[in-house]
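All chains are named by letter (A, B, ...) in the order of the sequence lines, taking the proteins before the strands, and each is independently numbered beginning at 1. Here the structure is a predicted model, which is why all the values come from computation and not from measurement.
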Amino acid sequence: MTIFARFAVLLNDALDALVAADALPADLERKNVVVEPPKDAAHGDMATNAAMVLAKPAGTNPRALAELLVAELQKLDSISSADIAGPGFINLRLDPSVWGAELTAIAEFGDEYGQSDIGTGKAVNVEYVSANPTGPMHMGHCRGAVVGDALASLLEFAGHKVIREYYINDAGGQVDTLARSAHLRYLEALGETIGEIPEGLYPGDYLKPVGNRLAKEFGNKYSGADEGEWLALFRKEAVSDMMDMIRGDLALLGIHHDLFSSEAALHEEGKAEAAEKYLRKNDLVYDGELEKPKGKEIEDWEPVTLPLFRSTQYGDDQDRPIKKSDGSWTYFGADLAYHYQKSQNADRLIDIWGADHAGTVKRIKAAVNALTGGETEFDVKLVQMVRLLRGGEPIKMSKRSGNFVTIADMVEEVGKDVVRFTMLTRKSDAQMDFDFTKVIEASKDNPVFYVQYAHARICSTLRKGMDEEGFAPSAEHIDLLGAEELALVREAANFPRIVESAAKAAEPHRVAFYLNDLASAFHTYWNLGNDQPDKRFILGQNKQLSEARLFLAANIGQVIRNGLRLLGVEAAESM
RNA sequence: GCGCCCGUAGCUCAGUCGGAUAGAGCAUCAGAUUCCUAAUCUGGGGGCCACAGGUUCGAAUCCUGUCGGGCGCACCA
């Protein structure tokens, strides 16, 4: 329970006391009452809106109610003062021992400080990346990958059981293209002259090693053979190599999935048929004609009859086909079966998608709703486009020429931590610009270093305290800490609250911004020591205060580490 | 034409369930280093929160409309 939640309980008790004294109606809705940090730290340690929220339904005015409440709250030892401010806020100042206790709690919980149980062990499946297994990861995949990974960590920390899943689209037409491209490279590896890669195949050099491997493994067995003899095999082999490569790229970003699910396997197991059968039985799939698409002229348009899912019943613009006219499954047809499969092992599903797939959200939500009878919570988190720039000019990425910025390039140039932190310091439903040149040039000014530097400073101070004076962090005399030090504790105590709200909102970027605030508070305090030597952490002549301050520093460091861990960013010990 | 997302300082972005004087970084200007890491700190300038209505004690936040930008709109993935 966060320190704010604990005071919310005390506030609730105070309200009960007013009810018991007939000063307040018993049946008031209290859910909008909050205890939170005040906007301005000068207002105190905590603030509540209780009087403003409850005054109207209680038939009184905010100030009058606030006065009653203040009288109750002041009875508590842990509250040193309660004042009414502005339109009816109640600002609380806490007894310093409360902050001391919180500081000790950070030390006790260590890596677990900030953990929450609001997830109540509910199993959440987070599906992210799921890039097509046809080439290396490029920057277009990066944001979703990082956001998904951080979200998964965050939910885990907030008390969920998390499954990190990757869906391998290894059944569509693009995999045939991959197989043919790999076959060409295979011929090349056998010494044949292949010339320029034909239009419609993947030209990238990354397929050369695949060709080499296949040549080594199969010799010239498939060099003059009909496509029918090798296509399935090459598909499987090439996909496997691509997935190895993708896993390698993800590892560079520090991303690891628990589960890789194959679309092809889904079909082999007849999952899509089963879903279709179920939906037909419930009259949610029928044979019908597709409408002519609007807003776009299609020359060879002809109406066809296909099995359609009634997504219009769930607010979609039109019913959607689950099979193509050649009888094979559409992406959607497979996808609904896939989501049904995921729902078997999770209470909640979260998909991280690129914004270019926004148009398909309604239909898949509808399908999950239909297949699970609304039992499984399902959210799609859309991650908006990243516009890639170099020196202010948009980078033209062309698959044809194989000219795109890969994640491997990016990580090599600016480092994993910078890439991750940059992607995580904006909310994901707004577009962002990522200027390659700027990020590389300004890498020294990158906000990630600001946070890491605070941590490094702390580590260095702890080392110095030990090496030069033999001082070790100790909670023994934390009552010696003054207002400035306790302000730092107050900032650190915000962490559990941020974890909870970020998890609830599925917004990992809040953690990044919080860490920036915490680092800022630390740097500010640190610099007090420049002008006022008695504010330094290590005071040779005062062991007790030094050890208390080192204890403070150590635990600020602990919170920074915990936060960075959620973001997948290293907590540097020196810089 | 329709759907989804966005519009906050010169730039990149935060802004919690509707709450107090709208914040940070970069850039810019003025300062701080015989001192625990200056990759830091302190201060200044810079805002019609796109625009117009509405809801209410109170709106950057919620609703409606307008304008502007992005993405999508076969059976592709």
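Counting only heavy atoms from C-beta on, Q431(A) has its side chain closest to rG70(B) among rU37(B), rG70(B), rA24(B). Residue N527(A) places its side chain closer to rU40(B) than to any other of rU12(B), rG15(B), rU40(B). In this structure, of rC71(B), rA38(B), rA77(B), it is rA38(B) that holds the atom nearest to the side chain of R457(A). With distances taken from any side-chain atom of Q174(A) to the nucleotides rA77(B), rA39(B), rA14(B), the minimum falls on rA77(B). Comparing rG70(B), rU16(B), rA77(B) against the side chain of Q384(A) picks out rG70(B) as the nearest. For R536(A), the side-chain atoms get nearest to rC35(B) when compared with the rest of rU42(B), rC35(B), rU12(B). Set against rG15(B), rA77(B), rC36(B), the side chain of K324(A) has rA77(B) as its closest nucleotide. Nearest nucleotide to the L290(A) side chain, out of rC75(B), rU40(B), rG72(B): rC75(B). Comparing rG19(B), rC17(B), rA14(B) by their nearest atom to the side chain of R426(A) picks out rA14(B). Closest to the A85(A) side chain, of the nucleotides rC35(B), rU37(B), rA20(B), is rA20(B).
When Watson-Crick and G-U wobble pairs are counted only if both distances are under 3.5 Å, rC62(B) pairs with rG54(B). Of all nucleotides present, none satisfies the Watson-Crick or G-U wobble test against rG47(B) with each distance under 3.5 Å. With a 3.5 Å ceiling on both atom-pair distances, rG18(B) lacks any Watson-Crick or G-U wobble partner. With a 3.5 Å ceiling on both atom-pair distances, the Watson-Crick or G-U wobble partner of rG7(B) is rC67(B). With a cut-off of 3.5 Å on both pairing distances, rU34(B) has no Watson-Crick or G-U wobble partner at all. Applying the Watson-Crick and G-U wobble criteria (two distances, each under 3.5 Å), rA39(B) pairs with nothing in any strand. Applying the Watson-Crick and G-U wobble criteria (two distances, each under 3.5 Å), rG72(B) pairs with rC2(B).
Of the residues near RNA chain B, Q318(A) and T360(A), the one whose nearest nucleotide (by heavy atom distance) lies more toward the 5' end is Q318(A). Nucleotides of RNA chain B nearest to A47(A) and K535(A) differ in position, and the one nearer the 5' end is that of A47(A).
Stacking between F89(A) and the base of rA20(B) is present: ring centres sit under 5.5 Å apart and the planes differ by under 30 degrees. The side-chain ring of H357(A) is not stacked on the base of rG72(B), judged by centre separation under 5.5 angstrom and plane angle under 30 degrees.
Rounded to an integer number of Å, the gap from L382(A) CG to rG70(B) P is 18 Å. Between the OH atom of Y514(A) and the P atom of rG15(B) there is a distance of 16 Å, given to the nearest Å. One can place OH of Y525(A) at 15 Å from C1' of rC41(B), the figure rounded to the nearest angstrom. E547(A) places its CD atom 15 Å from the C1' atom of rC36(B), with the value rounded to the nearest Å. Whole-Å rounding puts the I498(A) CD1 to rG15(B) P distance at 10 Å. Rounding to whole angstrom units, CE of residue M432(A) and P of rA14(B) are separated by 9 Å. Taking atom CG of L424(A) as the reference point, atom P of rA14(B) lies 12 Å away to the nearest angstrom. When the C1' atom of rC71(B) is taken as reference, atom CH2 of W353(A) falls 14 Å away, rounded to whole Å.
Using a 4.0 Å heavy-atom criterion, one finds that V361(A) contacts no nucleic acid atom at all. Within 4.0 Å of P321(A), counting heavy atoms only, lie sugar-phosphate atoms of the nucleic acid but no base atom. Within 4.0 Å (heavy atoms only), F513(A) reaches sugar-phosphate atoms of the nucleic acid but no base atom. Residue contacts shown for G465(A) are absent, as no nucleic acid heavy atom lies under 4.0 Å away. In this structure, S328(A) reaches neither bases nor backbone, as no heavy-atom distance under 4.0 Å exists between it and the strands shown.
The shortest distance between the side-chain N/O atoms of K56(A) and the OP1/OP2 oxygens of rC57(B) is below 4.0 Å. When the side-chain nitrogen and oxygen atoms of K427(A) are compared with OP1 and OP2 of rG15(B), one or more of them lie within a distance under 4.0 Å. Under 4.0 angstrom from either OP1 or OP2 of rC17(B) there lies no side-chain N or O belonging to K31(A). The phosphate of rU42(B) has OP1 or OP2 within less than 4.0 Å of a side-chain N or O from T524(A).
We find that K342(A) and E165(A) are not joined by a salt bridge, their nearest charged nitrogen and carboxylate oxygen being 4.0 Å or further apart. Using a 4.0 Å cut-off between charged side-chain N and carboxylate O, E547(A) and K543(A) make a salt bridge. Remark: D45(A) engages R490(A) in a salt bridge, criterion side-chain N to carboxylate O under 4.0 Å. At a threshold of 4.0 Å, the pair D176(A)-R235(A) counts as salt-bridged, since one of the basic side-chain nitrogens sits closer than that to a carboxylate oxygen.
Ring centroid separation for the pair Y525(A) and F537(A) comes in under the 6.0 Å cut-off.
Classified by interplanar angle (parallel below 30°, tilted 30° to 60°, perpendicular above 60°), the ring pair Y314(A)/F309(A) is parallel.
Spacing of C1' atoms, rC67(B) relative to rC26(B), comes out at 30 Å, to the nearest Å. For the C1' atom pair drawn from rA14(B) and rG23(B), the interatomic distance equals 7 Å after rounding to whole Å. Nucleotides rC6(B) and rG15(B) are separated by 11 Å at their P atoms, to the nearest Å. Straight-line distance between the C1' atoms of rC57(B) and rU12(B): roughly 37 Å, to the nearest whole Å. When the P atom is used for both rA20(B) and rC62(B), the distance is 15 Å, rounded to whole Å.
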Report the C-alpha distance between H523(A) and Y450(A) in whole Å, list the side-chain angles of each, state the deciding distance to 0.1 Å, and finish with yes or no for ring-ring contact (aromatic ring centres under 6.0 Å, His included). CA-CA 9 Å; H523(A) 286 309; Y450(A) 185 79; 4.8 Å; yes

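The base of rC75(B) is paired with the side chain of S325(A) by a donor and an acceptor separated by under 3.5 Å. One can find a donor-acceptor pair under 3.5 Å joining the base of rA20(B) and the side-chain atoms of N91(A). Side chain H509(A) to base rA14(B): no donor-acceptor pair is found below 3.5 Å.
Looking at H339(A) and D351(A), their side chains do bring a donor and an acceptor atom within 3.5 Å of each other.
Using modelled atom types, no side-chain atom of S328(A) and backbone atom of K324(A) make a donor-acceptor pair closer than 3.5 Å.
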